[in-house]
Structure formats: C-alpha cells, structure tokens
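To start, the structure itself, in structure tokens.
Below, read A as the first sequence line, B as the second, and so on, with proteins coming before strands; counting in each chain starts at 1.
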There are 2 protein chains.
Amino acid sequence: MSTRHRHGKAAHDVAALHTEAASRLAAVGQRFTSNRRLLVDALARADHPLSIPELLEATGDVAQSSAYRNLSVLERAGVVAKVVTNDEWARYELTEDLTGHHHHLVCGSCGAVRDVVVPGDVEADLDRALAVLAKREGFELQHHRLDLVGVCKKCS
Amino acid sequence: MSTRHRHGKAAHDVAALHTEAASRLAAVGQRFTSNRRLLVDALARADHPLSIPELLEATGDVAQSSAYRNLSVLERAGVVAKVVTNDEWARYELTEDLTGHHHHLVCGSCGAVRDVVVPGDVEADLDRALAVLAKREGFELQHHRLDLVGVCKKCS
DNA sequence: ATGAGTGCAAAGGCTTTGCATTAGG
DNA sequence: CCTAATGCAAAGCCTTTGCACTCAT
C-alpha cells in the first residue's frame, strides 16, 4: 500500500486508465494518440499537477504546441483538468473521477503543489454545508476547490 | 444592514480603511498616493474580486501600467490579494483581514466571481481538520482557499 | 531640489494559431 | 486515401519594464 500510488479507482490500473481515456476521447470524436497517451501517463505517474515544462520533460519528445493542444483536447474530453494555484504557469492533472477527489498543498514560497486527501467525514460535512449555501445563493454547485496555502517542508 | 456592505471590521468605514492602507504602505516604505486610493476604493466598493479592465473602468483615469504596478505594491504591503480563479485574467481584492474571511462562487460558464461567506461553525470545523492534516504532512499552513465552482443564477 | 509615482510605449513570456507534413484508420 | 494529429514558426494577449515627465516632500 505504501509503495502504491495513493489514487484509487480506475487509475490504479494503467490499462484501465487508457481504456477510460480512449473512451472519453471517442465520446467527443477524438483519438487516443501516442502523444496523448504520453501525456496521460506522465500525469498518472505524478502525485501532483504538472506544468507544461514538467510535462515536456516527462514525456520526452512532444512539441510544446502539441502538448498545449492535446491537453486542451483532453480537458474537453474530461480526462484532464487545468489547475491554476497562483499566478505562475498553468498546471494539469487527471480529472478527479479518474484519480479520486483531493486537494492541494500550495507552497507560497517555492510554488510547489502537492496532492492531499482530506478525511471523508470532513469532506462530507463540507459538501453538506456548501450545498446549503449554494442553494441559498441560487448557485448550481458542481464541485469545490480547496487549497491549503502555506510553506512546504522543504522551504521551512 | 441589508443595504450595507457585507464586510465587517475596518472596511465598514472608508476613513478607517484609508488609515489602515496608508499605515501598511508606510510599513514597507510606500506612500498612499491618489492612484492607490482610487484602486483601494474601487476594490472596497465591489463585492467581488476585480480584473484589471474592471479596475481601470472603476477608477476612471489610471494608466494600465500604473494599475499593475500599484496593485503589486499594495499586494506587497498586504492591502490587496491577487486571486486567480481559473485561467482568465488575474483578479484583485482587499486582503481578508480588511474585509473578513470569505470564499468565492465561480461561474464556470461566464467566469463571474462573487464573494460568499461560509457559516462560522463550518469554517471552524474545516480549520480544525486542515490544521491536523497540515501538521501530519509537515506543512506550515497559513490559510486556505475554498472556491465553489458551478453555474451562476444568470447563466442557468 | 530630489526621489517616488505616473503614463506611454516597447518588450517579455506563456499560450494559441497557421500551415505544411506525417501518420493512423 | 483522407481526415486528424503533429511540429515548427509566427502571432496573441496579459503582464512587466524602460524611460522621461510630473508631483509631493
């Protein structure tokens, strides 16, 4: 367990992840090409959202423009999500229904972002409270984003 | 009450806000100039984070470069905070110790951002849980950001 | 007078797009 | 074959910076 990736669901199996990604791409009339597989695999390997430079390095031989274009396609297909944390670069991660719901530890000093899972009961309480709040505000709530901002171990 | 701004603390009084802003600017060796006052007042009037274009319009006659530069100064002084919501423009708001802790309703359709206050007990529970989590992760927690993402009343 | 602040214009840097080439079905 | 995908280079767009002018102390 401790050596396994923290993610559950489909993502614990690379083959299943590929199947799911291909399926979602097909649903919007897109193919699961080798570049897109490289990107998805790199994101699956990481335990935190990756920036474009990180993705280019992790995938090895993908053109920058292709990375941007494919991430956009994967985003439309519901396979990846863009994360913005602060003002630096955009970061990308697999969607939560592939990796499980999680939040981010954002280091205000070095900008590093790490995934973190909040206890289920806390999430449940929060979801309940936010649902009430959204209803009161006439807002159709889809999901929430919770970032913990502070200083990471390395920077302190 | 219903016709007043929802913010409490120092911000309920423009004079107090100015005094506080001037004081914080002075603390970092900066002046409270007319342009900075225009920016602060515009942010105080709004009940949501403002983008640069919105700020330029709200302030009337401030050069774009001055807006960026002054917002940067005000950010360093701890008077304003930059908010990034999604991938669009950067938005700015007064810091939470001036306006009170709040969160954001982010419309995924039109990009609008509106401030919202979560019930105190929910915040308290959340703070407690996050503190435990941060400690376990060796992360020095400073604050949290919670966005409610969905579709606003106007877009649904 | 003297340094900070301002505004215009130019430069930067991440991201997007045009276009010819390549590859997958 | 034929359309989609790729990669290089050029263009876009928000943001930052250089520089001369103005204002406040």
May I ask you to decide if the ring planes of His103(B) and His144(B) are parallel, tilted or perpendicular, using 30° and 60° as cut-offs?
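Rings of His103(B) and His144(B): parallel, as their planes differ by under 30°.
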
What integer distance in Å separates [X]:[atom1] from [N]:[atom2]?
X        : N       : atom1 : atom2 : value
Leu56(B) : dT15(D) : CG    : C1'   : 12 Å
Leu71(B) : dC14(D) : CG    : C1'   : 14 Å
Arg76(B) : dT16(D) : CZ    : P     : 11 Å
Leu38(A) : dG7(D)  : CG    : C1'   : 15 Å
Ile52(A) : dG7(D)  : CD1   : P     : 14 Å
Leu25(A) : dG25(C) : CG    : P     : 13 Å

Would you name the heavy atoms of Ala129(B) and Val122(A) that are closest together and state the gap between them?
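Looking at all heavy atoms of both residues, the shortest contact is CB-CG2, 3.5 Å.
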
Among all residues two or more places apart in sequence or in another chain, which pass the side-chain contact (heavy atoms from CB on, under 4.5 Å) test with Arg31(A)?
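With sequence neighbours excluded, Arg31(A) shows a side-chain contact (heavy atoms from CB on, under 4.5 Å) to Thr33(A), given in chain and number order.
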
Quick one: side-chain contact (heavy atoms from CB on, under 4.5 Å) partners of Val132(A), sequence neighbours excluded?
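So Val132(A) forms no side-chain contact (heavy atoms from CB on, under 4.5 Å) with any residue.
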
Donor on one side chain, acceptor on other, Glu93(B) and His102(B), under 3.5 Å:
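There is such a pair (donor and acceptor under 3.5 Å, judged by atom type) between the side chains of Glu93(B) and His102(B).
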
Spacing of Glu20(A) atom CD and Asp97(A) atom CG [to the nearest 0.5 Å]
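Interatomic distance, Glu20(A) CD to Asp97(A) CG, rounded to 0.5 Å: 7.5 Å.
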
Counting just side-chain N and O atoms, does Tyr68(B) come under 4.0 Å of either OP1 or OP2 of dT15(D)?
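Yes, within the criterion.
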
Readout for nucleotides 5-13 of chain C: B = base within 4.0 Å of protein heavy atom, S = sugar-phosphate only, - = neither; 5' to 3' it is SSBBB----

